[in-house]
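The structure under discussion appears below in the form of C-alpha cells.
Protein chains get the first letters and strands the later ones, always in sequence-line order, with residue 1 at the start of each.
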There are 2 protein chains.
Amino acid sequence: MAVTIKDVARLAGVSPSSVCRALADPARVRPETRESVERAARELGYHPNRVARSLITGRTANLGVVLPDLANPFFPSVVKSIQTQARRFDYAVFLSDTDEDPAVEVPAIRALAKQVDGFLLCSPRAPDEDLRSFAGEKPIVVLNRRITPFPSVTADSTGGMQQAVAHLHALGHRHLAYVAGPRTSWSNRDRQRGLRAATAARGMNLVEIGHVAPTVDGGAAAADLVLATPATAVLAYNDLIALGLIQRLQARGAEIPGQVSVVGFDDIPVAGLVGPPLTTVAIGKEQIGRVGVDLLLELMADAPARSAGPGRRAAARMPAAPARSVGLGRGAGPLPADAPGRRTASRDSTGTARRVLPTQLIVRGSTGPARQK
Amino acid sequence: MAVTIKDVARLAGVSPSSVCRALADPARVRPETRESVERAARELGYHPNRVARSLITGRTANLGVVLPDLANPFFPSVVKSIQTQARRFDYAVFLSDTDEDPAVEVPAIRALAKQVDGFLLCSPRAPDEDLRSFAGEKPIVVLNRRITPFPSVTADSTGGMQQAVAHLHALGHRHLAYVAGPRTSWSNRDRQRGLRAATAARGMNLVEIGHVAPTVDGGAAAADLVLATPATAVLAYNDLIALGLIQRLQARGAEIPGQVSVVGFDDIPVAGLVGPPLTTVAIGKEQIGRVGVDLLLELMADAPARSAGPGRRAAARMPAAPARSVGLGRGAGPLPADAPGRRTASRDSTGTARRVLPTQLIVRGSTGPARQK
DNA sequence: CAATTTTCTGGAAACGATTCCAGACTGGCT
DNA sequence: AGCCAGTCTGGAATCGTTTCCAGAAAATTG
C-alpha cells in the first residue's frame, strides 16, 4: 500500500541500496544516480519508514517525556520548551501523563522504552530504586529531582526560598506557614528544606501544614488550617496551591495581603492575572526543558544506540548536541538568568551532570506588611 | 544488548515462534510450554520490541496528537483527556506542538505518519487542501474544526454564543464587540458566525475587532480598540484574550463589569480564579479528547493496518473501540452534558461522523448590567 | 597500455518480531 | 492395528530499511 524503497528503486532503475545511499548521503553516489533517485522519490511521494529504519539503526529519533499532571500549568510550559528544542534536532516527542500516580510511572516508561532514544522524566514520583532500575538501559535525564546516577536539571529552591523569606521578613512577618505538596515529590522536599534553612537562619517561626494535592483544590483544603495558626504569611509548595489558598482565604473573609500574605512557587503563566496578583518564586520553565534536552542529547551521544564502542558511524549524521546549542540562549526568558555565568553546572562525585537553574522572587500583590497582632 | 525473543527461546528451550505464541495468545500452546516461556521471559526481563512488532503487523499502538500551542491552557486539558482515554486502550501518544505556525503542521504530520496508527488534529491551522492530502493515508479525526472527509468533534459555538448574547441582552447591553482570534482558526470563524447570528436575531449592534493572537497579550492589544467603540460588552474569541482584555481595561481605569462586561470562551481552569472571575462559555474539554479518541479507534477498526479486506485477524486482539467505551461516561465533568441524549452525533452526506458537543454559559463576575450612556 | 587505486553499485544479511506452512505428535475411533 | 482429525511445534518467510561485502566500472598512475 504505502510506497517503499523498492518502488523508488524500480522506478529509478537502481537497487534499493543505492536509493538508500542517494537519500541518506548524496555524496556517496554518482550525481546522475542521485538525480534519478530523487526524481523517482519525489514522483512517488516517498518518505522513508522510520520504524523500519530504527529497527536496524537502533535509533528512533524519538524522546520520551513522562510527567505527573499536564493539568498543572507548570508542565505544559516545560513540555513546550522540550518540544521546541527537540524539534530543532529532529526529534519527535512521546508524552505520558501519569496523573500523579507513582505506580503508573514505571510501566509507562517501560512501554515507551523501545520506541525512544532517551527519556526526560519531569518531577517523577516513583521511588528512587524503581527508577534506578532503568539506569544503563536508556539514557535518562531527570528534571526537578535528583536521583543518582542520572543527570538532572533542578531549580535553586534554597535560593528562591531565601529570597522569599527575606522579602517577608522585611515586611515584618515573623510567623510563617508552609503548605506542603505531594509526599512523593522531590521538589517539595527540596523547597521545604530550603524554607526551613531560611527561616532558621533568621530565627523565624515556621508551621508546616500536611501534604496536599498540588492543585487549587489542595490549596483550598489547606486554607482553614492556615487561619488556625499564628502565621501572618504562608508559602505554598506551588502556585496552584497558592491560588487555592487565596481563593478560600478570601471566601473566609481574610484580606490578602492585609491579613495574610501568600507566596507561591513556579510563576505559572496566570500567576500575574489573578486577584491579587501572586507573589511567587519564578523558575525558568523554558530553560528546564531546553537544558534537559541538551543534556539528554549529550548523554545519548556518549552512549550510542547499538555498539558500545565510541565514535560510531551513525554519529556523523546526528546533529551535534553539545556546547553549540547550549550556548545559543535563544529566546531569553523573563529571567536575566540566561547569561551563561549564572547557570550553575556541576558534576557530582560520579561525574553525572547536575544543572541547577537560578530562581527569582517575583513580587506582586499577594504579599504586604504583616498585620499587627 | 537488549534481550530478544531468541534469548527467551533459548532459555525456555523452544523456538522463537512458540515464545511469540505463548506470550501473545497463551491458549495456543501447551500449558507446560507456556509456563516455561513465561518463566524465561520473567527471568530475563523480556519486553517485546514494539518497533519490530509494528513493522510486521502494521500497527504501532501509537496515536499522534498535533496542536497549535500547549501554552494555551485549553489544550493541555484536551491532551490530558486524550492521554487518559488512549491509555485505557493501550495506546501511547505522540505530541507535536506547532507553535501556531500553519506551515509546520504538514511536516509534523508527515514525520509522525509512519509511527502512528492515527491522528488527532486539534484545532489545526493549515489550509483544508493541505490536510486533505492525508485523507486515505491514515485515519484522522479533527477536533475543533470541520474538514471533509474527516470525522470531527466540535463544540456548539452557535448555541454558546446564543446563551452569551441572551445573557448580555438581559443585562441591558445593546452594543457588543467581538475580539477575533487567529485568521486561520476554524473555531474563530465558527464562533464569529454564531455571534453574528445571535446578535442579528436580537437586533443588537456588533463591532468586530481585527484578528489578534489567542493569548493574553493579544487581548491586551485589543483592549484600547474596544474602548474606542460604543460597546458596553465585549466577547472574546477565547479566555486568554478575555483575560488580557480585562487586564488592560482595568489598567486603563475601566471598571469591570461596571463599565465594560467581558465574556470569554473555553472556560479554562483559571477562568474562575482571576479578578473578577470570568464569565465564559464552557465546552467539555475532557469530552473532546475522549470522544475524539473513541471516534479515531472506530475509524481505525474500519480501516485496518495493512490489508484492506474487512475482518482482519489482528482486529481480534485489538480492544473494542466502539459503543461500549463511548457509553461509559466515566468522570463526568462539570457539564451535565455527559448524558447520552445531549451530545449531538450526526453524519454528513458522505457518512463521516460529526460530533457536536454542547456548550454552556458560566456566569461569573465579569459581566453585569450595561452602563448608562 | 597495463597495473593499481578509487568510485560506484547490486546482492545479501541483518534488525526483532509475527505468521504461514508443513511436519510431528497425540488421542479417539473403527 | 490403522486411520484421521486435531493439537502443538519449528523452520522459513516477511515487514522496510540500512549496512556489509565483493565485484564492476571508472579514474589515476607509471
Under-4.0 Å salt bridge between [X] and [Y]:
X: E100(B); Y: R125(B); answer: yes
X: D128(B); Y: R145(B); answer: yes
X: E38(B); Y: R34(B); answer: yes
X: K80(A); Y: D69(B); answer: yes
X: R110(A); Y: E137(A); answer: yes

Figure out the [atom1]/[atom2] separation between [X] and [N], and round it to whole Å.
X: Y46(A); N: dT17(D); atom1: OH; atom2: C1'; value: 7 Å
X: L55(A); N: dA13(C); atom1: CG; atom2: P; value: 17 Å
X: I56(B); N: dA12(D); atom1: CD1; atom2: C1'; value: 12 Å
X: D25(B); N: dT18(C); atom1: CG; atom2: P; value: 12 Å
X: E32(B); N: dC25(C); atom1: CD; atom2: P; value: 15 Å

Selected nucleotide, minimal atom distance to N49(A) side chain, candidates dG16(C), dG16(D), dT14(D):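 Among dG16(C), dG16(D), dT14(D), the one nearest the side chain of N49(A) is dG16(D).
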Once rounded to the nearest 0.5 Å, what's the spacing between atom OG of S96(A) and atom CG of L70(A)?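 That separation rounds to 10.5 Å.
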Distances under 3.5 Å between protein N/O atoms and the N/O atoms of nucleotides 8-11 of chain D, please, pair by pair.
{"unit_1": "dT9(D)", "atom_1": "OP1", "unit_2": "T33(B)", "atom_2": "OG1", "d": "2.2"}
{"unit_1": "dT9(D)", "atom_1": "OP2", "unit_2": "R30(B)", "atom_2": "N", "d": "3.2"}
{"unit_1": "dG10(D)", "atom_1": "OP2", "unit_2": "S15(B)", "atom_2": "N", "d": "3.0"}
{"unit_1": "dG10(D)", "atom_1": "OP2", "unit_2": "S15(B)", "atom_2": "OG", "d": "3.0"}
{"unit_1": "dG10(D)", "atom_1": "OP2", "unit_2": "S18(B)", "atom_2": "OG", "d": "2.6"}
{"unit_1": "dG10(D)", "atom_1": "N7", "unit_2": "R21(B)", "atom_2": "NH2", "d": "3.0"}
{"unit_1": "dG10(D)", "atom_1": "O6", "unit_2": "R21(B)", "atom_2": "NH1", "d": "3.3"}
{"unit_1": "dG11(D)", "atom_1": "N7", "unit_2": "S17(B)", "atom_2": "OG", "d": "3.2"}
{"unit_1": "dG11(D)", "atom_1": "O6", "unit_2": "S17(B)", "atom_2": "OG", "d": "3.2"}

